[in-house]
Amino acid sequence: MPTEKPRVTFTISEEKLKILDEYRFSNKIKNQSQAILSLLEKGLDSMENKAALSVTDEATKLAKDYDSLDPHGQRMVRLVADEELRRRELETKAQQDSQGAEAEDTMVYVTQYYRRPMSAGTGQEAGDDAPESLHLKKEPPPGTSYVAPISGDSMEPTYHDGDHLFIHYQEEIYPGQIGVFFMDGQQWIKELGDGILISHNPAYAPRPITEDIRCQGRILGVCDESYFE
């Protein structure tokens, strides 16, 4: 019966025919024609993959030129190639570092901010104060829960009136640490002592701790202008 499909005729040795039959039976292919077609497709796919991985004509020419050089010439080519590879590595690293720096420049850290000042003096009346979002250009100290301002000079020279402090919320601190305390209906920023709250300014006497005292956090440091630049 006539067909429009192209026909191919070829001769194969007995040894290759045995290999073809082994391939056919191991892959459960119906007949020799389909086995041959399967092998042809695999071979063509392999050729396409090799072509995709092939080097450029210029690279082939350089390889031939390299083989034609004497040992001294080959060493010189190797030196130039190594130097150029090193230059490209340095350029790539510099580009990556620059991209990383740009990413750091655009990074914003968000924490909570309370506007009501806490007392570094004679006490600040406590009240409800809804937190706001504070955006920082630099990463705050680990453990930061919120930022709040202080008023008064009782903690000078450690902290000053108007400073904004990083605070980690915790209900207990050790003696010698500086914290935020609620006591006598007021908030205080003081150092915890043995039965007393201590001011760093000698003009302020220690305050005896009362039964209603509660620790509201530990001071981590000052949120200065560098966090907003």
Side-chain angles (χ1 to χ4, degrees), residues 1-113 133-145 147 164 166 168 220-229:
M1 187 174 182
T3 177
E4 295 181 359
K5 293 182 179 180
R7 294 178 177 271
V8 177
T9 302
F10 59 89
T11 303
I12 187 172
S13 66
E14 289 289 338
E15 182 181 356
K16 293 294 189 294
L17 185 60
K18 289 180 181 179
I19 295 174
L20 176 63
D21 285 337
E22 289 176 1
Y23 173 79
R24 170 191 165 194
F25 293 127
S26 64
N27 290 276
K28 299 180 180 180
I29 299 175
K30 288 184 178 180
N31 52 52
Q32 288 182 344
S33 296
Q34 290 184 0
I36 292 170
L37 180 60
S38 173
L39 288 171
L40 281 172
E41 289 175 345
K42 288 180 180 293
L44 291 172
D45 288 342
S46 177
M47 288 176 63
E48 289 179 357
N49 291 334
K50 287 182 179 179
L53 296 173
S54 65
V55 298
T56 63
D57 293 340
E58 182 65 20
T60 302
K61 183 178 182 300
L62 284 173
K64 290 180 179 179
D65 292 343
Y66 178 85
D67 289 338
S68 67
L69 296 173
D70 61 14
H72 172 74
Q74 291 178 347
R75 284 196 301 271
M76 296 304 295
V77 170
R78 185 71 265 171
L79 285 172
V80 172
D82 289 342
E83 182 63 25
E84 285 300 298
L85 287 171
R86 181 173 178 275
R87 180 183 64 81
R88 287 294 299 134
E89 288 176 359
L90 292 174
E91 287 180 352
T92 301
K93 184 177 184 303
Q95 185 178 10
Q96 291 172 344
D97 291 344
S98 176
Q99 292 173 347
E102 290 177 1
E104 290 180 1
D105 289 342
T106 58
M107 186 173 294
V108 174
Y109 299 89
V110 181
T111 189
Q112 291 186 324
Y113 174 68
S133 293
L134 182 66
H135 293 189
L136 305 174
K137 295 294 187 180
K138 191 168 68 173
E139 185 175 7
T144 295
S145 302
V147 173
H164 288 72
F166 292 111
H168 171 63
L220 302 178
V222 177
C223 180
D224 57 27
E225 291 299 323
S226 67
Y227 287 90
F228 301 96
E229 294 175 350

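Computed from heavy atoms alone, side chains included, the values below leave out hydrogens, waters and symmetry copies. Numbers here are sequence positions counted from 1.
- Take Y66 and apply the side-chain hydrogen bond (donor to acceptor under 3.5 Å, both in side chains) test, not counting sequence neighbours, and it matches no residue.
- Qualifying side-chain contact (heavy atoms from CB on, under 4.5 Å) partners for Q112, counting only residues two or more places apart in sequence or in other chains: Y114, P131, Y146.
- Expressed to the nearest 0.5 Å, how far CE of M76 lies from CG of L69 amounts to 11.0 Å.
- Between V110 and H135, the closest heavy-atom pair is CG2-CD2, 3.7 Å.
- When atom types are taken as modelled, the side chain of D224 and the backbone of S226 share a donor-acceptor pair closer than 3.5 angstrom.
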### F166 and V222: CA distance, side-chain angles, deciding distance, side chain to side chain contact (heavy atoms under 4.5 Å, CB included) verdict
CA-CA 6 Å; F166 292 111; V222 177; over 6 Å; no

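- Residues passing the salt bridge (charged side-chain N to carboxylate O under 4.0 Å, His left out) test with R88, sequence neighbours excluded: E91.
- Looking at heavy atoms from C-beta onward, E83 lies out of side-chain contact with L79 at the 4.5 angstrom threshold.
- Residue L220 comes nearest to G143 through the heavy atom pair CD1-C, 3.8 Å, listed as atom of the first residue, atom of the second, then distance.
- Expressed to the nearest 0.5 Å, how far OG1 of T92 lies from CZ of R87 amounts to 9.5 Å.
- For R78, the side-chain hydrogen bond (donor to acceptor under 3.5 Å, both in side chains) partners two or more places apart in sequence, or in a different chain, are D82.
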Note to self: Please determine whether side chain to side chain contact (heavy atoms under 4.5 Å, CB included) holds for the pair Q34 and S38, giving the CA-CA distance in whole Å, both sets of side-chain angles, and the decisive distance to 0.1 Å.
What the structure shows: CA-CA 6 Å; Q34 290 184 0; S38 173; over 6 Å; no

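- Qualifying side-chain contact (heavy atoms from CB on, under 4.5 Å) partners for E58, counting only residues two or more places apart in sequence or in other chains: T56, L62.
- Under a 4.0 Å N-O distance rule, the pair E15/K18 does not qualify as a salt bridge.
- Taking all atoms of both residues into account, the shortest heavy-atom contact from Y227 to P140 is CE2-CA, 3.9 Å.
- In this structure, CD on E225 lies 9.0 Å from NE2 on H164, to the nearest 0.5 angstrom.
- Note that CG of D70 is 8.0 Å distant from CZ of R75, once rounded to the nearest 0.5 Å.
- Annotation: salt bridge (charged side-chain N to carboxylate O under 4.0 Å, His left out) contacts of K61 (sequence neighbours excluded): D65.
- Y109 and T144 share no donor-acceptor pair across their side chains, judged by distance under 3.5 Å alone.
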